[in-house]
Amino acid sequence: MNAARAPRLPDALRRLTTDPGPWLSCDDCFRLVDRYVEELLTEVTGADGELAAMPAHLAGCSACSEEAATLLLLAAADAGIDPAPALRQLPDDQR
């Protein structure tokens, strides 16, 4: 096994065994990510039931998770908000 790939194995196993719990497609995630990021930045949660599946989807989908982290950083910079508290709510690999 290549040493450079060894740290990825636990992450891959976590993604494969994560409960997909309410299901959300990548298309749905892309449609909702701006509202989800806004909710994270304003620390207002639970107002939109449609966003309930976002954490599970982001934990299992690195592409969507990266998109959410990038959007969060851009939105925080635009609003002059510290992104750290919101970033802590994203999956570990996007912090």
Just verifying a value: how many Å separate [X] [atom1] and [Y] [atom2], rounded to the nearest 0.5 Å?
| X | Y | atom1 | atom2 | result |
| --- | --- | --- | --- | --- |
| L71 | E38 | CG | CD | 10.0 Å |
| L24 | E50 | CG | CD | 8.5 Å |
| I81 | L73 | CD1 | CG | 12.0 Å |
| S65 | H57 | OG | NE2 | 9.0 Å |

Are [X] and [Y] close enough that some pair of their side-chain heavy atoms sits under 4.5 Å apart?
| X | Y | value |
| --- | --- | --- |
| C26 | C61 | yes |
| L87 | L40 | no |
| S25 | F30 | no |
| L51 | M54 | yes |

Closest non-hydrogen atom pair between Y36 and Q89, with its separation: OH-O, 4.4 Å
Return the minimal non-hydrogen interatomic distance between L72 and A86, and the atom names on each side. CD1-CB, 3.5 Å
R35: which of L32, V37, V33 passes side-chain contact (heavy atoms from CB on, under 4.5 Å): L32
